[in-house]
Number of protein chains: 2
Amino acid sequence: MDIAHRATDQQTPAEQRRRELLEAADRVVLRDGPKASMNAIAAEAGITKPILYRHFGDKGGLYRALATRHTDALLSSLRASLDAPADRRRRVEATLDTYLASIEAMPQVYRFLMHPAEESHQTEQGFDVGRHSAPLLRRMGEELGQVIAERVDLGPAAEAQARIWGHGIVGMMHAAGDWWLGERPCSRAELVKSLADLLWGRLAEADDRPGGPGF
Amino acid sequence: MDIAHRATDQQTPAEQRRRELLEAADRVVLRDGPKASMNAIAAEAGITKPILYRHFGDKGGLYRALATRHTDALLSSLRASLDAPADRRRRVEATLDTYLASIEAMPQVYRFLMHPAEESHQTEQGFDVGRHSAPLLRRMGEELGQVIAERVDLGPAAEAQARIWGHGIVGMMHAAGDWWLGERPCSRAELVKSLADLLWGRLAEADDRPGGPGF
DNA sequence: AGACTGCTGTTACCGCAAGTAACGTCATGC
DNA sequence: GCATGACGTTACTTGCGGTAACAGCAGTCT
């Protein structure tokens, strides 16, 4: 494989190899969960451990590379829903539904992506707090915050408000989705509608129940 | 120490010992993070590993016992805010503030509590999906859902709606809090107000920004 | 008294996973 | 011809969760 050929398929042999290794790792992780061992992944790829370490440094590096692929894919689906031509309520519902449909269709990928960083390589003393969330959640929160800031008129302090809302909405979606995925208490459509209602202020509008002070 | 004495301090020697071990474990976990080893914990308690295993079964058992203590403490703080005599908006803000003040004051405890189950003892094949969230989040979500169902008049399907909202609101609070704790982009009071505004439907009310379709 | 029970605690080990060192092998560029 | 460097191996170290197997030391029952 010479330079000319390499130019046609846009991949150096090293990149090609890396892709193959990632695909093997993907299969194992999707089968065994996030606790898949490096030995198992190497075996699936038909090689042995040290090669994985040469390519990805350590386990965290491999997992980060894997997560980035899936995260990018999910984020582009979400961006498509967010950009659909419809009113705001419909867009929110479409985005929620896209997210929920994704985690419903590929629960193992979801599970893998939600595993927190683990590595941390503790900086100085103590351990980094406030970094528990999976990188996927951070990215979704940041992107949503940006979209809100761009499109919604929030008056003064809009920037801060939009970021808070971005992370808050993403967290709402995630927690409700995780719970729903485990218990399946209702259909996806019902869940989407309920969450959208929540964002549309129905909690504030609802009356107190007879017989006590309101929530 | 005979039975009569035991009755006065309400603890069998075994329970007393267990408490001591838990306190030692607490110190280590708060110092070293969730990756504290059983050896380290045993050393802190002045004993060796097998004793820990006799008391708690396995690492998950110890961590569960630790987590339950802290979770109970946090939940009772939250219940107090939730039951304060004020209108609904003030209660929501008080509860958000209580949660955020707690994680701000004891970030290591927070970090520890948010670590997912890990154990799983995989049932049949595959791994349990939809159980990523920390038990604390599940418990908060369920309790909040119950409170909403009790106090807010939601019409038909109120039960399901309330549980969804409970988990959704808890997730919102958690994700926003985690992000805030890491970046400190604003004061706690501002964060509380923004999140309450979100729940009060300000996203729905806000106008589109000039120059594009609305979010 | 003496045996039995049940708790405290120990040392020494197993199995397994992450990560590394040291060594071969083969194509490429000079 | 030969050095460079990627691809690959075996064999090792370290550290962790978890478990035997054993020892001392109450109290308790006969």
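Because the structure is a prediction, the values reported are computed rather than measured.
- Looking at R17(B), its side chain has no donor and acceptor atom pair within 3.5 Å of the base of dT8(C).
- Salt bridge present: R151(A) and D83(A) bring a charged side-chain N and a carboxylate O closer than 4.0 Å.
- Closest contact between the side chain of H55(A) and the listed nucleotides dA18(C), dC7(D), dT8(C) involves dC7(D).
- Here the two rings, on Y63(B) and F56(B), have centers that are 6.0 Å apart or farther.
- Nucleotide dC16(D) holds its P atom 11 Å from the CD1 atom of I41(B), rounded to whole Å.
- Listed in residue order, the members of residues 43-53 of chain A having a heavy atom less than 4.0 Å from DNA chain C are K49(A), P50(A), Y53(A).
- Between the CG atom of N39(B) and the C1' atom of dT11(C) there is a distance of 13 Å, given to the nearest Å.
- A donor-acceptor contact under 3.5 angstrom links the side-chain atoms of R54(A) to the base of dG8(D).
- Cation-pi check for R184(B) over W180(B) is met; the charged atom lies under 6.0 angstrom from the ring centroid and within 45 degrees of its normal.
- Salt bridge annotation for E143(B)-R138(B): absent, with no cationic side-chain nitrogen under 4.0 angstrom from a carboxylate oxygen.
- As a whole-Å value, the separation of R18(B) CZ from dC7(C) C1' is 16 Å.
- Between R79(B) and D72(B), none of the side-chain N atoms (NZ, or NE/NH1/NH2) sits under 4.0 Å from a carboxylate O, so this pair counts as no salt bridge.
- Regarding F56(B), its CZ atom lies at a distance of 14 Å from the P atom of dG18(D), rounded to whole Å.
- The interatomic distance linking M38(B) (CE) with dG18(D) (P) rounds to 6 Å, in whole Å.
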Stepwise side chain to side chain donor-acceptor pair (under 3.5 Å) test for S81(B) and T95(B): CA-CA 5 Å; S81(B) 299; T95(B) 307; 5.0 Å; no
